[in-house]
Each structure stands twice: as structure tokens, then as C-alpha cells.
Novice: 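Pasting in a structure now, in C-alpha cells, and then I'll have a few things to ask.
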Amino acid sequence: MIVTLTVNPSLDRTVELPGTLVRGAVQRAAAISQDPGGKGVNVSRALTASGVESIAVLPGADNDPVMAGLRSAGVSYANLPIAAALRSNITLTEPDGTTTKINVPGPPLDASEQEALISLLLNTCAASDGGAPASWLVLAGSLPPGASPDLYALVSHAVRRHFGSTAPRIAIDSSGPPLLGALMHDATPDLLKPNAEELAEVTGIGSEEELEADPVLAVVAARSLIARGVGAVLATLGPKGALLITAEGAWQATRPPVEARSTVGAGDSSLAGYLLANVSGAPPAGCLRQAVAHGAAAASLPGTTIPTLAQTDPSAVTVTEIAVPADVSGTEFTRAAPTKEED
Ligand SMILES: O=P(O)(O)OC[C@@]1(O)O[C@H](CO)[C@@H](O)[C@@H]1O
């Protein structure tokens, strides 16, 4: 059983344009769709779609459209009722796969609601699997207004204190202040899933472009996180595939190009692919392979459509081990590493 926490879920509304987006013009949509969204929600949807048990924990009223969407997709969830409606995020897709996304802040979550959400999460992790705690807990996405930027660290500490040696492994996928807050308050996730921009931001090593172009530099950046207690780094690089870096080794996965229809949810699908391979006992390179296969399949589907395992093609993914020369330290690419949370 894999539990996900989405503190700032959304109803994802996707507008498919028949042509190129023109700023300032009135344009007619070719199609419109909506899906329950938010990063943890998407991971739960992807796992459920592939037959892996998952429960999404999230705030939101019983009658919120996000809950209705989860019910109709057959995804198990535990919700903390709140008075305000959840946010709607808008995606505009163009025929060539260009995706424009507008994410809004979401309803605020006050201190007592945050506490209640953590209790609900602990109960959900404990109740899963007929009494055994969940095997993984995924903390993913942005935080709503009012949430403490170190919320993911608070949750990680609470879960490990509560479950001790049987605590679920923790995966974190976030960006900006919540990601910096988690790392600076020693969340030490077992798995961190940054993209190149986030990896550059949290390590102060290289830029998004430099890390995407140079896997050895990306490994150096990821190793600086492993030295700070992160278990493994799954760095997603969009069409360029992904890297997996652990204390034991580093692997690169590449794939042939796919015709992208909407990249929304591709990173979440990659994380789900990694986790479902991991819980089925795959070695690190196999988990990376499935992560990239899932991400590619998600990008080829419209809106926030989540692929099933059967829609993925891991055999199209090439995985190679990366050897990092002993004299590469990344020092020449190092900027001032972040020392405080910034807005
Ligand atoms: O605003 P956040 O929480 O960073 O991201 C939210 C979001 O963009 O992430 C998912 C795709 O990864 C979407 O379902 C959702 O709209």
C-alpha cells in the first residue's frame, strides 16, 4: 500500500486548442476535460490504474468535484473536510504538444487543519495493508496559503516518530519554498524527485540547462543531496529521460521521442512508475526504466490522463550506468547554495 499526501489538490481543467495559442485573442476550444489533480493525487491515480493499492490523503469537502472525480476513477482517498472549495488549475494544450499551465494558490489551510491532516495521514498509513503501515508515503506538490513551508519536514518527522522502524519510506516531489523547507529541516526523504531546475535550485550546482546537458554534473549535484541524508534522487529530465542516483551508483535512462499531447502529470507518472517497480522488487535500474516508461506514456496522453502499466513500453527505454570520474566535483558550477527559504 502506498499513501500519498496532496496538501494543495486541484481540479485540473484542460482546454485543447485546435491551433496555436494567441495571446489577447478569442479562441474556440477543440475539447475540454477535467480530472482530479495535484501531484500526490496523480501518483495515487497512476498506482491505482496499474493495480497497486494506494490511498490519496487530501483536504477538501466530500462533495468537492475533486472527490467526485476520485470516486469515479475508483481511487481510494481519505479527505479532511474544509469549508472552502479546492482550486481549479487550467491547462491549455496546442496540437504540437505545447502545454501552458496556470496554477492558482488554493484555499488556505490553517494550523489546526494542518494538524488534523497530519493525524488523518498517520491513521491512513497505519490502517493500510490490514494493519501493517504503508510501504511508501509520497509528499507531493505545492503548499496552500497558510501552510508552514517546512510542512513536509514536520510530516516526515511525525511519521518516523509514530511508526519507528516500521515507518513507510518517504518520497518528496515539490519545488520552491516547500522543497527547500523540507531539505533545510532535515526531512531526509528516502527518495527525492526533482526536475533539473529543482535539482539546480536546491543544490546550488549548475543551471537547469547545464544539468540536463551533463549527466555527470547532475550526478554530482544529486550526490550532494545524498551526502545530506537523502536516500536516492530520481531526477526527471523531460524528453531527455531521467537519472537515478543512490549511494551505491548512478544510472541514466533515455527513450525515443514520443508525440507529446500534454506533459501535465508526466513527472507524477514517472514517480508512480518508479514506486510500482520498487514495490514489485525491481532493482534500481529497473525502477528507473519503469519511471521513464510511465513519464513518456503520460506525455503522449491528453490532459492529466494517467497511463496504466499496460500503456507503457519499458522495453523502449535504454538504461546505462554512469561512471563519474574521480576528479569531478562540480565546484566550478557551484553557486551560493540556498541558506534560507525564499519566496
Ligand atoms: O501547484 P502545484 O501543487 O505545484 O502543482 C499542481 C499541478 O500542476 O501538479 C499536477 C501535475 O504535476 C497537476 O495535476 C496540478 O494541477
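Position 1 is the first residue of the sequence, and the numbers go up from there. Whatever order the structure lists ligands and atoms in, that order sets their numbers, starting from 1.
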Novice: Judging by distance only, is a nitrogen or oxygen of Asn8 under 3.5 angstrom from one on ligand 1?
Specialist: no
Novice: Could a heavy atom of Arg87 be found less than 4.0 Å from some atom of ligand 1?
Specialist: yes
Novice: Which of the numbered atoms in ligand 1 are under 4.0 angstrom from any heavy atom belonging to Gly37?
Specialist: 14 (O)
Novice: Can you find an N or O of Asn103 that's nearer than 3.5 Å to an N or O of ligand 1?
Specialist: yes
Novice: If you measure every N/O of Gly38 against every N/O of ligand 1, is any gap under 3.5 Å?
Specialist: yes
Novice: Would you mind running through ligand 1 and noting each atom that sits below 4.0 Å from a heavy atom of Gly141?
Specialist: 3 (O)
Novice: Is there a donor-acceptor pair under 3.5 Å between the side chain of Thr263 and the backbone N or O of Ala266?
Specialist: no
Novice: Give me the residue, atom name and distance of the protein heavy atom closest to atom 9 (O) of ligand 1.
Specialist: Lys39 NZ, 3.1 Å
Novice: Among all protein non-hydrogen atoms, which one is nearest to atom 13 (C) of ligand 1, and what is the separation to 0.1 Å?
Specialist: Asp12 OD2, 3.1 Å
Novice: Quick check against the 3.5 Å criterion: does Ser54 have a side-chain atom that pairs as donor or acceptor with the backbone of Ile2?
Specialist: yes
Novice: Just need the protein heavy atom nearest to atom 2 (P) of ligand 1, so name the residue and atom and give the distance.
Specialist: Ser142 OG, 3.3 Å
Novice: To the nearest 0.5 Å, how far apart are CG in Leu309 and CG in Leu47?
Specialist: 10.5 Å
Novice: What distance separates Asp35 CG from Arg45 CZ, expressed to the nearest 0.5 Å?
Specialist: 4.5 Å
Novice: At less than 4.0 angstrom from any non-hydrogen atom of Gly265, what atoms of ligand 1 do you find?
Specialist: 11 (C)
Novice: Find all atoms of ligand 1 within a distance of less than 4.0 Å from any non-hydrogen atom belonging to Ser10, and give their numbers and elements.
Specialist: 15 (C), 16 (O)
Novice: Within a distance under 4.0 Å of any heavy atom of Asn89, pick out the atoms of ligand 1 and give their elements.
Specialist: 6 (C), 15 (C), 16 (O)
Novice: Against ligand 1, does Gly267 come closer than 4.0 Å with any heavy atom?
Specialist: no
Novice: Are any side-chain N or O atoms of Glu198 and backbone N or O atoms of Asn195, one a donor and one an acceptor, separated by less than 3.5 Å?
Specialist: yes
Novice: Please confirm whether the backbone N or O of Ala140 pairs with a side-chain atom of Tyr152, one donor and one acceptor, at under 3.5 Å?
Specialist: yes
Novice: Is it the case that the side chain of Ser300 and the backbone of Val258 share a donor-acceptor pair, with hydrogens and angles ignored and the cut-off at 3.5 Å?
Specialist: no
Novice: Report, as yes or no, whether the 6.0 Å neighbourhood of atom CD on Glu259 holds more than 12 heavy atoms from other residues, nucleotides or ligands.
Specialist: no
Novice: Starting from atom 12 (O) of ligand 1, what is the nearest protein heavy atom, named by residue and atom, and what distance separates them?
Specialist: Asp268 OD2, 2.7 Å
Novice: If you define the side chain from C-beta out and look only at heavy atoms, does anything of Thr93 sit under 4.5 Å from Thr99?
Specialist: yes
Novice: Check Ile245, Thr188, Thr203 against Leu225 for a side chain to side chain contact (heavy atoms under 4.5 Å, CB included) and give me the one that passes.
Specialist: Thr203
Novice: Identify, for atom 10 (C) of ligand 1, the protein heavy atom at the shortest distance, and state residue, atom and that distance.
Specialist: Asn42 ND2, 3.5 Å
